[in-house]
Amino acid sequence: MTVARIQQLPANVVAKIAAGEVVERPASVVKELVENSIDAGASRIDIELEQGGSELIRVVDDGSGIAADQLALAFAPHATSKLAEAEDLLELVTMGFRGEALASIAGVAQVLLQSRRPGEPSGHEVRCDASVLGEVRPWNGTPGTRIEVRQLFFNIPVRKTFLKSAATELGHITEVLTRLVLANPTIHLTLRHNGKQVFEVPGSAGLKNRIGLFFGAEVEDSLFEIDSGEGAARLRGYVADPHCNKGNAKLQYLFVNGRWFRDRSLGHAFQEAYRGLLMTGRCAVGFLFLDVPPDSVDINVHPQKHEVRFRNQSSIYSLVRSTVKARLLKENFVPRFQFQSENVEHPTTSTPSRAFPDLPPAFFQPPIRQDTSPSIFSPRRADAARTVAPWEQPAAIPPTQKEVITEAPPPELPFFIPPLAIGSALQVHDSYIVLETTDGMQVIDQHALHERILYEQLRQRIVSGKLEVQRLLIPEAIDLPAPQVAVVLEAAAELAQLGLEVSDFGGNTILLSSYPTLLERRSPVNILKGVIDELLNKERMPNKAALLDHLLTTMACKAAVKAGDKLTQEEITHLLKLRDLAEDSHHCPHGRPTSLNFSRAQLDKQFGRI
Ligand code: ADP
Ligand code: MG
């Protein structure tokens, strides 16, 4: 019989286990390294990545550096120089300095640490690969610290397979940096990916400018400053005009004592302050900075310090709600909202009364049509009369698209659609179409139905390789918040399959040079922007085919008539005709019903006739 012996785990195994907690993906490495640079008093931090950080993460700072005799110690587990900053050991831990980040990172990657203290004639370097420490050697670099992390998870192949595409990892890194850049508004920070600059945040850019840089001018221009004033706890920051709202809570940023954290309860408090000012399901935008005494908050309740616990949660809740609410009340928003129409995405821009906001004709080539249907798909009939020059032929679709799209979920079985007596179709509230049917009546959601029809038409054309693409004579330049540019360009191939050709124009600008002819009635730029919003969330997508299908759904949604669009009788009739051709006219691509049926018997019963 073998006797079980208790054994101490080897240091490299301990490091691997610890890394599991601290190092989840490249973004966690970037976060730890940049936090160290900030702790070292750096005023400038330059970050360079290859392949979403899985090949290389390099962080260069101009901070206080590490002395030669301390270099190796930086990799030792539970080694920190930050004791002096805290009054006692416990406070040190309370502040989140546990001296385990570098040790953990070096346990699962190949790390080169180079550093020179300002005022010293030269610096030193040391390597640490999978917890194996090399020799300390002289290094001739500028003052500050330069750290390179290569081949993340090279010794844990299982972890490596969990990494997502470079674009997705880059998205996570951008999110981490956004939080750090907002929390440290004097730091100059640059990010490069695969040799290209993703963004540069100048040190002089204040908090408001930083918000604009990451989230666009629309958000920046709608901010109101808040400050609760001195107290046991203080709340400062910016909250957005209710007109600037989003479909999710991503643009609700919370910081406590200079650190980002998430908190559902405070998110709720914030949202409560906007009660009555937002449509249901819409989320407010805000950047909230709390300052509280360090001993009234515990930041060690989460391994990556993403969550915190306040000693007095309910008073913080009230502080958030009342400060934000008081600020919004000053603006006297309520009356404005009573006149707001329900489906305005960006209520600051006026809603066109016609369903087809016209695009500047000079920017477009004549549409190439096979379809001679009425105006719902042909808003610019005059254009069609022009002759088509050979260079204006539809672009060829990349040959790969067929395989990719056919991987998408198979179309549902066609439903049998009983023929309708389309005589007296009535549009109500510019949103619904009411019809008399042989058996009763039907109420159709015009947006849901049109969305389904466009989705099917687009998908069929892409699968059969017959998606007509309209090329723009002058490509449309679109300015995007810097971090989004990289994400869009990484997805250029997928976008091309959908008929949206994008290219890099330099800076924060991309060029859109084509769009699917089928969708011409809506601004191609808006369609692309809708698709971009989805791309930014795409880590939720299990594979390429699902992503494409999802983007297709978004495109159809953006291009379809909206609730609130007045339709002519001709347009209604055409929409109903197309419905008969749809495979599944009963559900929109998101799965919601397109129509409700009320039978004659039901109506009679409700009115007490039978
Ligand atoms: P912690 O930050 O909790 O102290 P880390 O493992 O992140 O632990 O870092 C260990 C030590 O290495 C730090 O305490 C600091 O002395 C040193 N260090 C790491 N990065 C830097 C840097 N960029 N500049 C100066 N010193 C650094
Ligand atoms: Mg650290």
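Atom set for the values below is all heavy atoms of this structure, side chains included, hydrogens, waters and symmetry mates excluded. For reference, positions follow the sequence shown, starting with 1. Atoms within each ligand, like the ligands themselves, are counted from 1 in listed order.
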Please identify which atoms of ligand 1 are closer than 4.0 Å to at least one heavy atom of [X].
X	answer
Thr80	1 (P), 4 (O), 14 (O)
Ala40	24 (N), 25 (C)
Ala101	6 (O), 7 (O)
Ile66	17 (C), 18 (N), 25 (C), 26 (N), 27 (C)
Ala74	10 (C), 12 (O)

Test item: [X] and [Y] side chains (from C-beta on) under 4.5 Å apart, heavy atoms:
X	Y	value
Leu290	Phe255	no
Pro481	Asn508	no
Arg25	His172	yes
Leu254	Phe270	no

If you measure every N/O of Asp39 against every N/O of ligand 1, is any gap under 3.5 Å?
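No; every N/O pair is 3.5 Å or more apart.
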Does an N or O from Leu102, backbone or side chain, lie closer than 3.5 Å to an N or O of ligand 1?
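In this structure, Leu102 places an N or O atom under 3.5 Å from an N or O of ligand 1.
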Glu148 and Arg146: CA distance, side-chain angles, deciding distance, salt bridge (charged side-chain N to carboxylate O under 4.0 Å, His left out) verdict
CA-CA 7 Å; Glu148 274 182 13; Arg146 188 173 182 278; 3.3 Å; yes
For a distance under 2.8 Å, tell me if Thr80 has an N/O/S atom near the Mg ion (ligand 2).
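For Thr80, the answer is no, given that no N, O or S atom comes within less than 2.8 Å of the Mg ion (ligand 2).
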For Gly63, state whether at least one heavy atom is located under 4.0 Å from any atom of ligand 1.
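Distance cut 4.0 Å: Gly63 fails for ligand 1.
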Which heavy atom of Glu125 sits nearest a heavy atom of Pro138, and at what distance?
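Closest approach of Glu125 to Pro138, heavy atoms only: CG-O, 4.3 Å.
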Using a 4.0 Å heavy-atom cut-off, say whether Ser81 meets ligand 1 through its side chain, its backbone, both or neither.
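For Ser81, backbone and side-chain atoms both sit under 4.0 Å from ligand 1.
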Counting only heavy atoms closer than 4.0 Å, does ligand 1 sit against the backbone of Asp61, its side chain, both, or neither?
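The part of Asp61 near ligand 1 is the side chain, not the backbone.
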Polar contact flag, side-chain donor to acceptor under 3.5 angstrom, Thr509-Asp479
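Their side chains do contain a donor-acceptor pair, which is all the 3.5 Å distance test asks for.
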Which residue pairs pass the side chain to side chain donor-acceptor pair (under 3.5 Å) test when at least one of the two sits in residues 174-185, sequence neighbours left out?
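Every pair satisfying side chain to side chain donor-acceptor pair (under 3.5 Å) with a residue in residues 174-185: Glu175-Arg179, Glu175-Tyr253.
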